[in-house]
Every structure is written in C-alpha cells, then in structure tokens.
Amino acid sequence: MNLAGKTICLGVSGGIAAYKACALTSKLTQKGADVHVIMTKHAAEFVSPLTFQALSRNPVYTDTFDEKHPEKIAHIDLADKADLFLLAPTTANLIGKLANGIADDMLTTTLLATEAPVYIAPAMNVHMYAHPAVIRNMQQLDDWGYHFIEPEAGYLACGYVGKGRLEEPESIIRILEQRAESVRDLTGQHVLVTAGPTQETVDPVRFFTNHSSGKMGYALAEAAADRGADVTLVSGPTQLPLPRGVKRIDVKSAEDMLQAVLTAFDHQDIVIKAAAVADYRPAQTFDSKLKKKDGGLTIELERTTDILQTLGQRKQHQFLVGFAAETNDAVAYGRGKLERKRLDAICVNTVGQAGGGFQSDNNEVIYLNKEGKEKHLPSAAKKQIANQILDEIILDMEADRK
Ligand code: CTP
C-alpha cells in the first residue's frame, strides 16, 4: 500500500520504546501520510506530546475530554476517518485492555470505535511477552482480525536480551507498505458472503453435511470489512471466530441459507457464495431417532434449491460471484456454471491437489468472469486470495460501469 495521502492514527502507549514512535511519526509524515497521534497518559511521561505535534503537524490527543474542535467528537472522528491504526509501542497493558473491551482513555475508546484495520507492534520485557495472560490476549486479538508486527529479539532497555524489542521504524513502515490492505475501496458497498457447510437433518441426532471449514468465506468477509464494506456473513455451522466489523447470520440447512440470503439480497452490491451448500437433503425428516434394524437402510434424498441460480435469476444491480470445487476440467465446468447460473464471476478451485481445499489455510483459485477473463491466483493464505478476488471484483465492477 502506498502510504501517501492515507490517514494514519498512531497510538503510543507507555513504554520506553515510545521514543521510537517519534521517528515513526516523522517517517510516516515524510511518506505523505496524515498522521494523528493518540498517546496514553503514561506515554506522555516518556515523550512530550509537543514532540509528536511538531513532527506530525497535527494536534496530539491524550485526553478523551479535551475536545479540540467543538463541532466534532474527537474519538469518533478519528475512528471514522482513519485508513489504518498503528499501535507502536504497544504495552502489555494496552493489549490486555483491548482484548477485554476496556475503553477508559482516549486511545482505547478510539480503538473500540474504529472499523479500520489495526496494526499492533508490541514492545515489552521478554518475560512479560511470554506471560500466559499476554499470550492469551494476543491470541484473542489475532482471532478478531488485529494484525501483529512481531517484536524483534535483541537488547531490551530493561537489561534483558530476548524477544520484546519494538520493531525498528523503517521495518514497521516497510511491513505496512507490504501488508496493509487498508485501502478503503469498498466503503459504502454492501457485501453479502455465504460460508461454511450446511447441515441437512435426518432425525434429531443425525444430519448430512460436508467438510467445508468456512475459512475462505470468512476470509472474504474479513477482507471486505477491512476495505470498508458493510458485510453480512450468512454462515453455516463453523468453529470460526466472527471477523471484526462483520454482521453474521447463523443458519443450518440449505433452506435456512436460501431464506437468509433472499431476505438480504435486494440491498446488496456484491454477493459472494463461498458456502458449500448441500445439493440434496433427506426427503423425509424423522421427529424421533431412527432405530436400527436388520439389513441396510435407504434414505431417499431430494434436491435442495440452488441458491446461486435463484439469485442469478433475481439479480438486478448485484455483482454475483459463485465458487466451484472441481476435481477435473475446472475451467470448463466453471464456465458452464457461470453461464447457466447467470453469474458475473466464478472462482474455481481444483480439489484433490496439494496447496488448497476445504480445511486448509491456503487456497489456489482461478477467477473467471463473464467477459472471458481467466485469472490464476496461485496458492497463498486464504486472506490474501480473498483480497485478490476482491481486487478482481472491483476491477470488473468498474469495467461494467463504463
Ligand atoms: N450453491 C448454491 N445452492 C446450492 C448448491 C450450490 O448456492 N443448493 C452454490 C455454492 O454456494 C457455490 C456454487 O453453487 O457458489 C457451487 O456450484 P454447484 O454447481 O452447485 O457446484 P457443485 O455442487 O459442486 O455442482 P456439480 O455437482 O454440478 O459439480
């Protein structure tokens, strides 16, 4: 990401590494970013707010109640206008507060109010960094979609040598430039994503399902939310944490998913159907548990409604994207589905190959659109693939508008 023109909120908490945040402010400003510094009270014990004010050429915030502009509420204004938040240095205390939803000062209040991606660069003593409470809190934040810029191992101001030293400002900036998907290019867009498997009930204790983990759909929902979209995630049963800023509707069966999707469909701009929806369900659902008998058992199945095809018929302005897992001839089958279901694009992946699939953290897809584009997105983390798919969708929507 090019940092020029981006609004960056830099949160500085009370550790000795606060001095490095001065260099960070200066370098970010030199890159053309509009830097707004929020300090905790303890950070101001280490470095004067005036230093940051001079380096950023913006007012520095330390107190929630010190409203500098009467026409605005500072913490909401900063939370809304930030393209990204960078916390450097981040103390164990700040991590603990954030992981527990505590908002008792300007920095933590603004952090709870923002939907922008948050990058956390921790700095603390090596034993604090290894403490189970800190590890648990960082895990929680990671699950919620916060991004970590790992501290370096090296000489620590407390005299220890080990992991806990704040990453150097140059490296933090390089990481932001490489990793930050903070382009808010989906602001104002409504995105509906479906994810996970469905469960089709046989009797009160049994159901048919599939191996979908939901990871690809959740990655898409998270990436779209990071990019500013208003995201609704219709999810079959999964173990995954809800990505930050995403509204989830939980469903079980294909029929539940159909109803949830139809209810939300009309006001969506982009609809991505990453769920592995059952094609068949038991023709009969038993109210009490089926008891075993001698011999085999035949359960009659009937077709479920093809949700994607239904949406293809209903579609007006929506950009509709399907997924298809194929074992062979993926592009040809994908094209067939794209046309038959009146889709704008389809992501096909070949299952039964290394480097992707249902439970994996990685995926590899081919993005096909209705104009004949065939874009190979080689194996990468599902979040990265999600962002690449969104890039393609945005390009196609822009082309459609012309
Ligand atoms: N899909 C759906 N409703 C269903 C079944 C599938 O919306 N009842 C959607 C999935 O969410 C996915 C796409 O359709 O986006 C998958 O296409 P589909 O043709 O159903 O794939 P398969 O089930 O693998 O079909 P086939 O057996 O024809 O390969």
Side-chain angles (χ1 to χ4, degrees), residues 191-201 207-221 224 231-238 240 248-265 268 270-283 301-315 318-353 356-358 363-370 377 382 385-386 389-390 392-393 396:
V191 178
L192 175 73
V193 180
T194 69
T198 60
Q199 289 180 354
E200 307 301 329
T201 301
F207 52 78
F208 289 113
T209 190
N210 59 62
H211 284 300
S212 170
S213 65
K215 285 177 184 168
M216 191 63 233
Y218 275 61
L220 280 158
V231 183
T232 305
L233 175 64
V234 176
S235 174
T238 74
L240 301 173
R248 182 170 64 193
I249 301 171
D250 290 316
V251 296
K252 285 214 164 93
S253 66
E255 183 59 29
D256 296 343
M257 186 171 280
L258 170 69
Q259 296 309 330
V261 167
L262 287 180
T263 305
F265 186 61
Q268 301 300 326
I270 301 171
V271 176
I272 309 176
K273 288 232 64 246
V277 187
D279 290 322
Y280 295 93
R281 67 174 161 233
L301 299 178
E302 64 182 14
R303 283 290 301 270
T304 56
T305 307
D306 191 317
I307 305 171
L308 198 53
Q309 192 147 5
T310 310
L311 299 181
Q313 283 152 6
R314 260 190 194 224
K315 153 174 103 137
Q318 292 90 346
F319 192 92
L320 187 56
V321 185
F323 265 75
E326 309 288 350
T327 51
N328 55 290
D329 301 324
V331 171
Y333 281 125
R335 284 232 162 274
K337 289 177 186 177
L338 178 94
E339 281 157 28
R340 209 167 47 248
K341 301 193 188 194
R342 292 190 62 226
L343 308 180
D344 295 285
I346 191 162
C347 300
V348 287
N349 60 345
T350 306
V351 286
Q353 277 186 355
F358 274 157
N363 206 0
E364 177 174 359
V365 308
I366 305 170
Y367 177 95
L368 308 173
N369 76 1
K370 57 184 183 298
L377 307 176
K382 284 184 172 167
I385 294 289
I389 292 170
L390 292 175
E392 295 302 324
I393 293 172
D396 285 354

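One-based numbering, in listed order, for ligands and for the atoms of each. No experiment lies behind these values; they were computed from the predicted model shown.
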inquiry  = Checking Val251 against Thr198 for the side-chain contact (heavy atoms from CB on, under 4.5 Å) test, could you report, in this order, the C-alpha distance in whole Å, the side-chain angles of both residues, the deciding distance, and whether it holds?
reply    = CA-CA 8 Å; Val251 296; Thr198 60; 5.8 Å; no
inquiry  = Please determine whether side-chain contact (heavy atoms from CB on, under 4.5 Å) holds for the pair Ser253 and Phe207, giving the CA-CA distance in whole Å, both sets of side-chain angles, and the decisive distance to 0.1 Å.
reply    = CA-CA 10 Å; Ser253 66; Phe207 52 78; over 6 Å; no
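Taking every heavy atom of Gly322 and a limit of under 4.0 angstrom, the matching atoms of ligand 1 come to 15 (O). Applying the 4.0 Å criterion to heavy atoms of Asp279 picks out, from ligand 1, the atoms 5 (C), 20 (O), 22 (P), 23 (O). The contact set between ligand 1 and Lys273, taken as ligand atoms under 4.0 Å from a residue heavy atom, comprises 2 (C), 7 (O), 11 (O), 12 (C), 15 (O). Atom numbering of ligand 1 starts at 1 in the shown order; those under 4.0 Å from a heavy atom of Ala278 are 8 (N). For ligand 1, the atoms closer than 4.0 angstrom to any heavy atom of Thr304 are 8 (N). Residue Thr305 approaches ligand 1 through these ligand atoms, each under 4.0 Å from one of its heavy atoms: 3 (N), 4 (C), 8 (N).
Of the protein's non-hydrogen atoms, the one nearest atom 7 (O) of ligand 1 is Leu308 N, 2.8 Å. Among all non-hydrogen protein atoms, the one lying nearest atom 10 (C) of ligand 1 is Ala275 O, 3.4 Å. Scanning the protein heavy atoms around atom 16 (C) of ligand 1, the nearest turns out to be Phe323 O, 2.9 Å.
Contacts between Ala276 and ligand 1, counted as non-hydrogen atom pairs separated by less than 4.0 Å, are absent for every part of the residue. The parts of Ile307 lying near ligand 1 are both backbone and side chain, judged by heavy-atom distances below 4.0 Å. When heavy-atom distances to ligand 1 are checked against a 4.0 Å cut-off, Asp306 comes that close through both its backbone and its side chain.
Between Ala325 and ligand 1, not a single N/O pair is under 3.5 Å apart. Ligand 1 has no N or O atom lying under 3.5 Å from any N or O atom of Val277, backbone or side chain. Not one N or O of Ala324 is nearer than 3.5 Å to an N or O of ligand 1, by distance alone. The distance criterion of under 3.5 Å between nitrogen or oxygen atoms is not met by Thr194 with respect to ligand 1.
The shortest heavy-atom contact between Leu390 and Leu220 is CD1-O, 4.3 Å. The heavy-atom pair separating Leu338 from Asp344 by the smallest distance is CD1-C, 4.0 Å.
A distance-only check finds a donor-acceptor pair linking the side chain of Glu200 to the backbone of Ala254 [under 3.5 Å]. Lys315 places a side-chain N or O within 3.5 Å of a backbone atom of Arg342 that can act as its donor or acceptor partner. A donor-acceptor pair under 3.5 Å links the side-chain atoms of Asn210 to the main chain of Ala276, judged by distance alone.
Residues Asn369 and Glu392 form no side-chain contact, since every pair of their non-hydrogen atoms from C-beta on lies 4.5 Å or further apart. Here the side chains of Glu255 and Thr305 are in contact, with some heavy-atom distance below 4.5 Å. Contact of the Gln318 side chain with the Phe265 side chain is registered, since non-hydrogen atoms from C-beta on lie closer than 4.5 Å. Between Lys341 and Leu320 there is no side-chain heavy-atom pair separated by less than 4.5 Å.
Selection from Arg303, Lys341, Arg340 by nearest heavy atom to atom 20 (O) of ligand 1 gives Lys341. When Lys337, Gln309, Glu255 are ranked by how near their heavy atoms come to atom 25 (O) of ligand 1, first place goes to Lys337.
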